[in-house]
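Working notes, structure below.
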Amino acid sequence: MPVIEQAFVAARSRYDANLATGMQGYYQFMLPDADNYYLQICDDHCKLFQGVVEKPCVTLAMESATLQSILNGELNSMQAFMFGKITVTGNLEMAARLPSLFPR
């Protein structure tokens with residue numbers, strides 16, 4: 001299993017469905033140095049898929065090391081965004097809400 005998928009599996013164990021009530025949509029992760037992934041959020045479930053989804057709510061572009069550090073809790077996603085390590089297109093509110101769905 002690729003390292004990014006392992007990091008997502010570990011993060012998924014922290015997924016708090018109560019914090020995602022009413023949320024539905026796709027988060028696209030564009031990783032220029034690895035495979036692309038998208039995350040489906042729908043109330044009580046969170047599923048990861050490899051590839052590109054047709055109409056994501058938000059697209060997050062970054063290096064795979066940045067994503068791995070965020071998923072492992074080593075890097076704050078807002079700080080990564082402020083320092084230009086993440087490019088966000090689409091629903092910024094949904095992007096900002098993503099880290100809160102996986103509390104530490």
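What you see is a predicted model; the values in this text were computed from it and never measured. Position 1 is the first residue of the sequence; numbering continues from there.
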- Heavy-atom closest pair, residues Cys46 and Leu39: SG-CD1, 3.5 Å
- Query: Can you get from Val52 to Val88 by hopping between Ile, Leu, Val, Met, Phe, Trp and Tyr side chains that sit under 4.5 Å apart?
  - Reply: no
- Indicate the atoms forming the closest heavy-atom contact of Ala20 with Arg97, along with that distance. CA-NH2, 4.2 Å
- Task: Measure the spacing between CE of Met30 and CD1 of Ile86 and express it to the nearest 0.5 Å.
- Result: 14.5 Å
- Distance, nearest 0.5 Å, that separates CD1 of Ile70 from CG of Asn72: 10.5 Å
- Message: Using 30° and 60° as the class boundaries, would you call the ring planes of Tyr15 and Phe102 parallel, tilted or perpendicular?
- Response: tilted
- Note on the structure: Between Leu71 and Ala11 the two heavy atoms that sit nearest each other are CD2-CB, 4.0 Å
- Item | Candidates Val53, Val58, Leu48 - the one meeting side-chain contact (heavy atoms from CB on, under 4.5 Å) with Tyr27 | Val58
- Heavy-atom side-chain contact between Glu74 and Gln68 under 4.5 Å: no
- Message: Taking the ring centre of each residue, are Tyr38 and Phe49 less than 6.0 Å apart?
- Response: yes
- Name all residues meeting the side-chain hydrogen bond (donor to acceptor under 3.5 Å, both in side chains) criterion together with Asp33; count only those two or more places apart in sequence or in a different chain, and write none if there are none. Ser64
- Query: How long is the gap from CD on Glu54 to CD on Gln28, to the nearest 0.5 Å?
  - Reply: 11.5 Å
- Query: If we only count heavy atoms from C-beta on, is the Tyr37 to Asp35 side-chain gap below 4.5 Å?
  - Reply: yes
- Leu31 side chain reached by Met62 side chain, heavy atoms, under 4.5 Å: yes
- Message: Just verifying a value: how many Å separate Gln24 CD and His45 NE2, rounded to the nearest 0.5 Å?
- Response: 8.0 Å
- Task: Indicate, with yes or no, if Leu92 and Leu98 share a hydrophobic cluster defined by side-chain heavy-atom contacts under 4.5 Å among Ile, Leu, Val, Met, Phe, Trp and Tyr.
- Result: yes
- hydrophobic_cluster_shared for Leu101 and Met94, side chain cutoff 4.5 Å: yes
- Item | Nearest-0.5 Å distance that lies between atom CD1 in Ile41 and atom CG in Leu19 | 11.0 Å
- Query: What is the distance from atom NZ of Lys47 to atom CZ of Phe8, rounded to the nearest 0.5 Å?
  - Reply: 15.5 Å
- Message: Tell me the closest heavy-atom pair linking Cys57 and Gly25, and the distance in Å.
- Response: SG-CA, 3.6 Å
